[in-house]
Amino acid sequence: MNKVSLLTIGKKLQDGSLYLLSIYDLEPSGLIVQAYDQVNSKEYLLPISESELAHAGVVRNINSLTSLIESIDLVPQGSESVLQSSIEGISNIKKRATGDELESAIKSPMTGCSESVHDVLVTGLVELCKVKPVGVDAVQWLGEWLLNNNPNQPRIIEPDDE
């Protein structure tokens with residue numbers, strides 16, 4: 001990050017390590033809180049949107065930002081850890097699937113369907129290779145193919161005209 005932080009404070013987090021917590025302004029998108037452990041070269045980020053800031057009553061002044069940093073801690077999430085604020089209105093980071101979890105999710109059948117995301121993508125990519133569009137046309141072609149061949153696409157059944 002090549003921005004100057006609004007505030008940087010050293011703080012010991014839940015894992016017992018000392019972190020440099022910095023808040024960067026991404027206006028109009030919000031703030032990002034960075035926790036950096038220099039000893040172990042670990043970095044954690046917590047993005048906070050403008051709407052979350054407004055809901056939580058956090059403003060860009062020293063007292064409010066200090067309270068925000070004091071509310072930050074490192075919490076376990078699965079096999080990893082993430083930054084989280086105890087201030088109501090600031091969302092927790094949702095768990096991201098990685099490795100085997102991600103592969104399992106992609107290869108498992110989609111809800112209400114016998115096909116997986118993997119199956120649909122492989123079929124679409126095979127069809128793309130047959131058509132051979134170039135550059136952006138290939139992206140557009142695949143996007144349209146996926147929309148037209150979405151197994152979860154709602155089906156419209158026309159009534160019989162009798």
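Given the structure is predicted, the values throughout are model-derived calculations rather than measurements.
- The shortest side-chain heavy-atom distance between Val75 and Ser81 does not fall under the 4.5 Å cut-off.
- Counting only distance, with no hydrogens or angles, the side chain of Glu43 and the backbone of Ala35 share no donor-acceptor pair below 3.5 Å.
- Remark: Glu27 pairs with no residue by the side chain to side chain donor-acceptor pair (under 3.5 Å) rule, at least two apart or across chains.
- How far CD of Glu70 is from OG of Ser86: 9.5 Å, rounded to the nearest 0.5 Å.
- Both Leu125 and Val120 are part of a single hydrophobic cluster, where members link through side-chain heavy atoms under 4.5 Å apart.
- When all heavy atoms are compared, the tightest approach of Ser114 to Pro109 is O-CB, 4.0 Å.
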message: Using side chain to side chain contact (heavy atoms under 4.5 Å, CB included), reason through Thr66 and Ile9 one step at a time and then give a plain yes or no.
response: CA-CA 8 Å; Thr66 301; Ile9 295 176; 4.3 Å; yes
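- In terms of heavy-atom proximity, Gly57 sits nearest to Ser64 at O-OG, 4.1 Å.
- When side chains are defined from C-beta on, Leu68 counts as touching Ile23, because their heavy atoms get closer than 4.5 Å.
- Environment of CG in Asp100: sparse, with no more than 12 heavy atoms of neighbouring residues, nucleotides or ligands closer than 6.0 Å.
- At a threshold of 4.5 Å between non-hydrogen side-chain atoms, the residues Leu31 and Leu53 count as touching.
- Judged as a side-chain contact (heavy atoms from CB on, under 4.5 Å), and not counting sequence neighbours, the contacts of Leu46 are Val33, Ile48, Ile72, Leu83, Ser85, Ile93.
- Asp73 places a side-chain N or O within 3.5 Å of a backbone atom of Gln14 that can act as its donor or acceptor partner.
- A donor-acceptor contact closer than 3.5 angstrom is absent between the side chains of Ser5 and Ser22.
- Looking at Glu50 and Ser29, their side chains never bring a donor and an acceptor atom within 3.5 Å of each other.
- Residue pairs meeting the salt bridge (charged side-chain N to carboxylate O under 4.0 Å, His left out) criterion with at least one member in residues 117-135, sequence neighbours excluded, are Glu127-Lys130.
- Leu6 and Ile87 fall within a single hydrophobic cluster, where Ile, Leu, Val, Met, Phe, Trp and Tyr are joined by side-chain heavy atoms under 4.5 Å apart, directly or via other members.
- For the atom pair CD (Glu88) and NE2 (His55), the distance works out to 6.5 Å, reported to the nearest 0.5 Å.
- In terms of heavy-atom proximity, Asn40 sits nearest to Asp37 at ND2-OD2, 2.8 Å.
- Side-chain contact between Met110 and Ser116 is absent, with no heavy-atom pair separated by less than 4.5 Å.
- Separating the OH atom in Tyr36 from the OH atom in Tyr44 is a distance of 12.0 Å, to the nearest 0.5 Å.
- Note that the CG atom of Leu45 and the CD1 atom of Ile32 stand 4.5 Å from one another [nearest 0.5 Å].
- Here salt bridge (charged side-chain N to carboxylate O under 4.0 Å, His left out) pairs that include residues 4-26, with residues two or more places apart or in two chains, are Asp25-Arg60.
- Residue Leu7 holds its CG atom at 4.0 Å from CD1 of Ile69, rounded to the nearest 0.5 Å.
- The side-chain contact (heavy atoms from CB on, under 4.5 Å) test applied to Pro133 returns Leu128, Val131, Asp137, Ala138, Trp141, not counting sequence neighbours.
- Partners of Ala54 according to the side-chain contact (heavy atoms from CB on, under 4.5 Å) rule, which considers only residues two or more places apart in sequence or in another chain, do not exist here.
- The CG atom of Leu74 sits 10.5 Å away from atom CD of Gln77, with the distance rounded to the nearest 0.5 Å.
- Note: the hydrophobic cluster containing Leu65 also contains Ile62 (ILVMFWY, side chain heavy atoms under 4.5 Å, direct or indirect links).
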